[in-house]
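Data block below; observations after.
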Amino acid sequence: MFWSALRHWGVRLGSVAVFFALARILPKEQLGLFSAAIAVIAIAEIFAENGLGEAVVQAKEIDDEILSAAALFNVGFSIIVAAACLIFSAQLETFLGAPGLTPILSVALVAVLINALSYIPQSVLRRNGDFRWLAMRGLIATLVSGAVGVGLALLGFGAMSMAAQLVLFALINAVMVWWRRPWTPRPASPARALPLVRFGSKVFASRMLDYVGGRSIELFIVAALGPAALALYIMGSRIYAVLMQLISAVTIDVSMPHFSRLADDRPALVEALYKSFELTSALAFPIFVMLGALAPEITDIAFGRNGHGSEAILLPLSLLGAFRLLQYYNGTLLNAVGRPGVAMVVQGMKAIASVIVLSATYGRSLQTIVLAFSISHAVLGMVSFAFGRREVGYSLARLLKIVTPFALSAFLMFGAIWALRPYVGTLGHSLPRLVVLGAIGGAVYLASAMLFNGPALRRAIVSVGGRRVPAWIKGTAN
């Protein structure tokens with residue numbers, strides 16, 4: 001568990017630190033150009049990996065020939081996808097209105113080819129539970145490539161420094177996963193991988209829908225508003241996205257095995273959902289709402305002058321973050337009860353809604369686009385709860401009763417921070433303002449949550465800490 005957590009947390013936090021450094025060094029236009037290239041690379045990676053890695057992890061039986069055939073599939077698809085991106089890179093640059101994209105994309109595509117060599121061996125190591133080596137691999141690749149990327153940026157290589165970092169990360173990753181010799185490659189017919197392809201096609205479809213629903217906004221922003229606007233969006237959304245991933249690893253990822261074990265006991269499953277909602281609400285609402293309330297200070301500390309304007313992106317994303325996190329439970333539950341097709345329907349609705357909203361907001365300001373995009377996802381979240389209620393049988397009224405005390409406490413905290421911000425302006429630098437406002441906001445949240453539902457707050461603290469609740473909280477939670 002420790003090495004699995006380190007693999008996720010260490011790499012993400014390390015990559016965020018590198019991103020913060022590069023975002024301070026590079027001009028917004030250069031950062032936006034690379035972000036546009038990454039948005040294209042992300043699609044290429046989905047096609048190149050085509051879900052076979054997850055199929056390897058889930059397969060009941062596997063042998064060296066099947067693994068070799070799957071690896072050949074990945075390499076073959078990566079060559080086709082990279083060649084297509086390279087051939088049409090000039091047209092893509094024109095379509096997105098991003099001059100200078102072609103050379104950056106050409107270098108970044110090398111990472112797609114290298115990564116194709118790593119998909120299957122990484123999955124074998126996951127299947128075998130070798131999380132320690134995977135964690136070491138991720139940390140070493142992140143630190144070394146990050147240092148090189150920052151160094152190249154300081155030397156004036158612009159967006160190309162980030163492309164070089166991407167390629168170096170892929171190379172170190174490939175060398176380290178093959179160092180463990182996860183299996184012995186041997187000649188194999190591609191037909192041997194067909195059972196994996198059938199499972200992987202479902203994973204591929206899910207990932208494509210998720211991309212359209214969640215990341216298509218990046219390509220839309222660069223096409224509609226230019227690379228500098230995309231840079232602001234990436235700076236504002238990156239903090240939110242990483243925090244979402246980290247908290248989901250603590251809450252939802254931990255709940256998934258438990259839900260699966262209870263799939264045949266529907267009353268117990270529903271009760272487990274209520275408990276998970278209580279823990280996640282108590283944890284997520286104060287964190288995300290405080291992130292939004294302190295967005296001006298956080299973005300100034302992270303990005304300096306280069307990030308001016310990104311606070312307007314971080315604010316709406318954060319305020320809806322806790323609701324988005326709760327929505328993820330529906331997909332987990334639907335998979336647990338054997339209804340993944342319903343979860344994919346919800347993903348499809350999200351993808352369609354994203355296309356409609358982005359089309360309707362073309363030509364509007366960046367803040368308007370992000371706000372409309374976020375609200376559409378929140379509305380679809382309500383629809384997903386309706387699907388979950390029908391398939392699983394939980395009570396929406398019970399969920400609302402669980403969430404309301406923590407949501408109300410968090411938004412009282414938000415109001416307190418914004419009301420007091422003018423009075424701490426004399427502190428000068430953003431860091432002391434962040435500390436003072438964060439402390440005040442935290443106190444308001446705890447006091448409010450203790451008042452509205454003290455026992456639930458105590459249970460959440462026990463779940464997270466695993467130890468005794470502080471006496472001053474315990475005394476109010478009777």
Side-chain angles (χ1 to χ4, degrees), residues 240 243-244 246-248 250-252 254-255 270-298 314-329 374 378 381-382 385 394-424 427 432-478:
Y240 156 81
L243 193 58
M244 179 72 77
L246 295 181
I247 295 178
S248 67
V250 175
T251 55
I252 296 176
V254 173
S255 301
V270 171
E271 194 60 34
L273 171 68
Y274 294 148
K275 292 178 180 178
S276 298
F277 251 65
E278 183 176 89
L279 170 62
T280 303
S281 298
L283 180 68
F285 274 104
I287 291 176
F288 280 106
V289 174
M290 183 175 286
L291 181 67
L294 298 174
E297 289 77 21
I298 292 172
L314 180 58
L315 176 58
L317 291 175
S318 299
L319 293 183
L320 293 170
F323 295 104
R324 294 277 302 278
L325 189 64
L326 293 175
Q327 293 165 24
Y328 291 165
Y329 276 109
S374 301
M382 299 177 189
F385 282 123
Y394 54 71
S395 168
L396 294 178
R398 177 82 179 272
L399 293 182
L400 186 62
K401 183 178 179 181
I402 291 170
V403 168
T404 299
F406 299 113
L408 184 57
S409 300
F411 282 99
L412 286 174
M413 172 189 69
F414 181 89
I417 291 175
W418 275 76
L420 294 173
R421 176 172 280 113
Y423 299 99
V424 299
L427 294 176
R433 294 203 305 271
L434 177 72
V435 172
V436 172
L437 291 173
I440 294 172
V444 170
Y445 174 79
L446 285 175
S448 301
M450 287 158 54
L451 176 64
F452 295 140
N453 197 340
L457 177 63
R458 182 178 68 176
R459 287 191 295 270
I461 294 175
V462 169
S463 298
V464 174
R467 295 192 177 135
R468 292 184 304 170
V469 181
W472 60 277
I473 292 180
K474 185 176 181 181
T476 65
N478 298 319

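Predicted model only: the values in this text are computed from it and were never measured.
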Pairs where residues 403-423 contributes a residue and the test ring-ring contact (aromatic ring centres under 6.0 Å, His included) is met, not counting sequence neighbours: Phe414-Trp418

For Ile417 against Ala293, the heavy-atom pair lying closest together: CD1-CB, 3.8 Å

Nearest heavy atoms of Tyr240 and Arg324, plus distance in Å: OH-NH1, 3.3 Å

For Phe323, all residues meeting ring pair (Phe, Tyr, Trp, His ring centres under 6.0 Å), sequence neighbours excluded: Phe285

May I have the list of side-chain donor-acceptor pairs in residues 314-321 shorter than 3.5 Å, sequence neighbours left out?
unit_1	atom_1	unit_2	atom_2	d
Ser318	OG	Leu314	O	2.8

Using 0.5 Å steps for rounding, measure from the [atom1] atom of [X] to the [atom2] atom of [Y].
X: Met413; Y: Leu408; atom1: CE; atom2: CG; answer: 11.5 Å
X: Leu291; Y: Ile298; atom1: CG; atom2: CD1; answer: 4.5 Å
X: Met382; Y: Leu396; atom1: CE; atom2: CG; answer: 11.5 Å

Passing option when Ser281 is tested against Val403, Thr404, Leu399 for side-chain contact (heavy atoms from CB on, under 4.5 Å): Val403

Salt-bridge contact Glu278-Lys401 (side-chain N to carboxylate O under 4.0 Å): no

Per-pair distances, 0.1 Å, donor-acceptor, side chain in residues 439-455, under 3.5 Å, sequence neighbours excluded:
unit_1	atom_1	unit_2	atom_2	d
Tyr445	OH	Ala282	O	3.1
Ser448	OG	Val444	O	2.8
Asn453	OD1	Ala456	N	3.2

Residue pairs fulfilling salt bridge (charged side-chain N to carboxylate O under 4.0 Å, His left out) with at least one residue in residues 281-294, sequence neighbours excluded: none

Donor-acceptor contact below 3.5 Å, side chain Tyr394 vs main chain Phe385: yes

With sequence neighbours excluded, residues passing salt bridge (charged side-chain N to carboxylate O under 4.0 Å, His left out) with Arg433: Glu297

